[in-house]
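Report on one structure; see the data block that follows.
For this chain, numbers begin at 1 and follow the sequence in order.
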Amino acid sequence: MKRRYENLVAAHSNCTQKLAAGVKAMPDGNKAFAHTQALWRFLANERITPVELSAPLWGVAREEARDGCDRHVLCAHDWSRINYGTHTSKKERLQMSHATDVGYELQSSLLVSDRDGAPLVAPVQNLVTATGVWQSRAAQIQPDDRPHLDELTERMAHLEAGGLDKPLVHIVDREADSVAHLRTWSQHGWQWLVRVKEGSRVCYEGRDLKLSDVAAQLPFSRERDVMRQGKPAAQWLASTAVVLTRKAKPKRCDAHGKRALPEAGEALSVRLVVSRIYDAEDRLVAQWYLLTNVADGVPGERIALWYYYRWQIESYFKLIKEAGHQLESWEQETGPAILKRLLIAGQACVLAWRLMRAEGEFAERTREFLVRLAGRQMKRTRPVTAPALLDGMFKLFAMLETLKHYSLADLEKFADFAFPQRNTTP
């Protein structure tokens, strides 16, 4: 199984196109159909579970926590829809909003380095279908009976028990602006960083205020020059201590279908960090309200930078769905097959990310070679990208496999037959 798994990871290093989203066959002497059948048998094998396929990802997670992070391991959580509106052969499709918005929901957790914001590995994945939830941490399908944040709490508990040697900081967007869940996470001793709405209320200097009113009283300082949408801008920051005292508003209903009443909870002392981005004309173009229970030893500017690193999970979704693996064009027909293939593709992403941040002259030469092998024209400002490395790696693996089965003389003959004029002098 190990050899088969390694071959599949190599095959998934290919950067596919929407109209050819299948796994490309290595030139190893077998026909392409044999590779297709091998992948089908691998994904359909009930003895190969998502738990087994996530084990190598967890191995990477422990290595990167030890060597790729300084004091914390950042963990970005998010949800993304996978649209399979035209894939009628998939019988487990879930209707997510309107009639044509059907497919699956992907729930992902991506580990990110606190050192430089580099993506490390996505060890935990859930795939929500019409019949239930397939999880990387469970061999069998689970019921889809929990709201997003209740499920996220379970995912966070699984990550906390993963044996990483540095503390996790869970980073979530505004969907996690739920005082009940923030209290629960703090009671468990978990560290979190959440973007919240400006209208959320806190207790500040003994008064119950909206966050926007608190921010209006804070002194801001210019922190750093940044780029926003390719244009120069400046980030200004302010931070202060606040207390969450408001009642939670649970979404559950009682036996009669009535919404549960608001619930009081313990006062929760946290930090508010407000980040403002001004363009070159001093116009406010972006503003974040961030709450965190991370200790004061981590300065506010670092907290804001950590939240900026959360964007890596959006880049991961793009790499999986569009720029690399074309997830929304996969032809597998069941939830478990899609999840298993997603975990294999995740290991290929790890290869590209490790290459992206490898240091040294030979690492630089390797990246340059792979990008040239991919045949892509790159921007001067971004000479290396993960999709380009994926594409180059597949071509490299294909070259090595080719040389095992064909001589240089064979390759010359193939080239001469395919392009008889290639060596003629004009």
In terms of side-chain heavy atoms, does [X] have a donor or acceptor partner in [Y] at a distance below 3.5 Å?
{"X": "Glu64", "Y": "Ser113", "result": "no"}
{"X": "Glu160", "Y": "His188", "result": "no"}
{"X": "Trp192", "Y": "Ser186", "result": "yes"}

Heavy-atom closest pair, residues [X] and [Y]:
{"X": "Leu319", "Y": "Pro387", "answer": "CD1-CG, 3.8 Å"}
{"X": "Leu111", "Y": "Ala61", "answer": "CD1-CB, 3.6 Å"}
{"X": "Tyr104", "Y": "Thr334", "answer": "OH-C, 4.0 Å"}
{"X": "Tyr204", "Y": "Thr240", "answer": "CE1-OG1, 3.4 Å"}
{"X": "Leu218", "Y": "Ala238", "answer": "CB-CB, 3.8 Å"}
{"X": "Leu390", "Y": "Ala348", "answer": "CD2-O, 3.6 Å"}

Between [X] and [Y], is any pair of side-chain heavy atoms under 4.5 Å apart?
{"X": "Val242", "Y": "Leu291", "value": "yes"}
{"X": "His325", "Y": "Arg341", "value": "no"}
{"X": "Thr153", "Y": "Trp190", "value": "yes"}
{"X": "Phe369", "Y": "Leu396", "value": "yes"}
{"X": "Trp58", "Y": "Leu159", "value": "yes"}
{"X": "Ser108", "Y": "Tyr316", "value": "yes"}
{"X": "Leu355", "Y": "Met393", "value": "yes"}
{"X": "Leu120", "Y": "Val60", "value": "no"}

Discussion item. Taking Arg66 first and then Glu63, would you say they form a salt bridge - that is, a charged N and a carboxylate O separated by under 4.0 Å?
Written reply: no
Worksheet item: Is Asp296 salt-bridged to Arg271, going by a charged N under 4.0 Å from an acidic O?
Response: yes
Check whether any side-chain N or O of [X] sits under 3.5 Å from a backbone N or O of [Y] as a donor-acceptor pair, and report yes or no.
{"X": "His87", "Y": "Glu328", "value": "yes"}
{"X": "Arg367", "Y": "Pro383", "value": "no"}
{"X": "Asn293", "Y": "Arg183", "value": "no"}
{"X": "Ser54", "Y": "Ser136", "value": "yes"}
{"X": "Arg246", "Y": "Arg201", "value": "yes"}
{"X": "Arg93", "Y": "Tyr84", "value": "yes"}
{"X": "Gln312", "Y": "Gly117", "value": "yes"}

Worksheet item: Per the side chain to side chain donor-acceptor pair (under 3.5 Å) rule, which among Glu154, Gln142, Glu151 passes with Asn126?
Response: Glu151
Worksheet entry | Matching residue for Gln235 among Glu223, Glu301, Arg224, Arg222 - test: side chain to side chain donor-acceptor pair (under 3.5 Å) | Arg224
Got a sec: does the [atom1] of [X] have more than 12 other heavy atoms crowding it under 6.0 Å?
{"X": "Arg302", "atom1": "CZ", "value": "yes"}
{"X": "Phe220", "atom1": "CZ", "value": "yes"}
{"X": "Lys166", "atom1": "NZ", "value": "yes"}
{"X": "Gln140", "atom1": "CD", "value": "no"}
{"X": "Lys318", "atom1": "NZ", "value": "no"}

What distance separates [X] [atom1] from [Y] [atom2], expressed to the nearest 0.5 Å?
{"X": "Ile344", "Y": "Leu57", "atom1": "CD1", "atom2": "CG", "value": "10.0 Å"}
{"X": "Asp144", "Y": "Glu105", "atom1": "CG", "atom2": "CD", "value": "8.0 Å"}
{"X": "Ser200", "Y": "Asp177", "atom1": "OG", "atom2": "CG", "value": "3.5 Å"}
{"X": "Leu127", "Y": "Lys340", "atom1": "CG", "atom2": "NZ", "value": "12.5 Å"}
{"X": "Leu373", "Y": "Leu389", "atom1": "CG", "atom2": "CG", "value": "11.0 Å"}
{"X": "Thr49", "Y": "Gln135", "atom1": "OG1", "atom2": "CD", "value": "12.5 Å"}

Discussion item. Applying side chain to side chain donor-acceptor pair (under 3.5 Å) to Gln217 and Glu205, what does each step give before you reach the verdict?
Written reply: CA-CA 11 Å; Gln217 302 178 42; Glu205 295 184 343; over 6 Å; no
Worksheet entry | Partners meeting ring-ring contact (aromatic ring centres under 6.0 Å, His included) with Tyr307 (sequence neighbours left out) | Trp288
Show me the donor-acceptor pairs within less than 3.5 Å that the side chains of residues 67-80 make with the rest of the protein, sequence neighbours left out.
from	atom 1	to	atom 2	distance (Å)
Asp70	OD1	Arg115	NE	2.9
Asp70	OD1	Arg115	NH2	3.1
His77	ND1	Ser109	OG	2.8
His77	NE2	His170	ND1	2.9
Asp78	OD2	Arg310	NH1	3.2
Ser80	OG	Lys321	NZ	3.0

Worksheet entry | side-chain contact (heavy atoms from CB on, under 4.5 Å) evaluation trace for Thr385 with Met378 | CA-CA 9 Å; Thr385 63; Met378 311 298 292; 3.5 Å; yes
Practice prompt. Using the side-chain contact (heavy atoms from CB on, under 4.5 Å) rule, take Ile171 and Tyr309 through it: C-alpha gap first, then chi angles, then the decisive distance, then the call.
Written response: CA-CA 9 Å; Ile171 306 176; Tyr309 290 160; 5.6 Å; no
Fill in: salt bridge (Lys or Arg N to Asp or Glu O under 4.0 Å) assessment of Arg357 paired with Asp116
CA-CA 10 Å; Arg357 65 182 189 279; Asp116 55 9; over 6 Å; no
Worksheet item: Checking side-chain contact (heavy atoms from CB on, under 4.5 Å) for the pair Asn83/Thr100: CA distance, chi angles, key distance, verdict?
Response: CA-CA 9 Å; Asn83 191 286; Thr100 59; over 6 Å; no
Worksheet entry | Candidate pair Trp185 and Leu152, rule side-chain contact (heavy atoms from CB on, under 4.5 Å), full reasoning | CA-CA 10 Å; Trp185 301 343; Leu152 176 59; 4.1 Å; yes
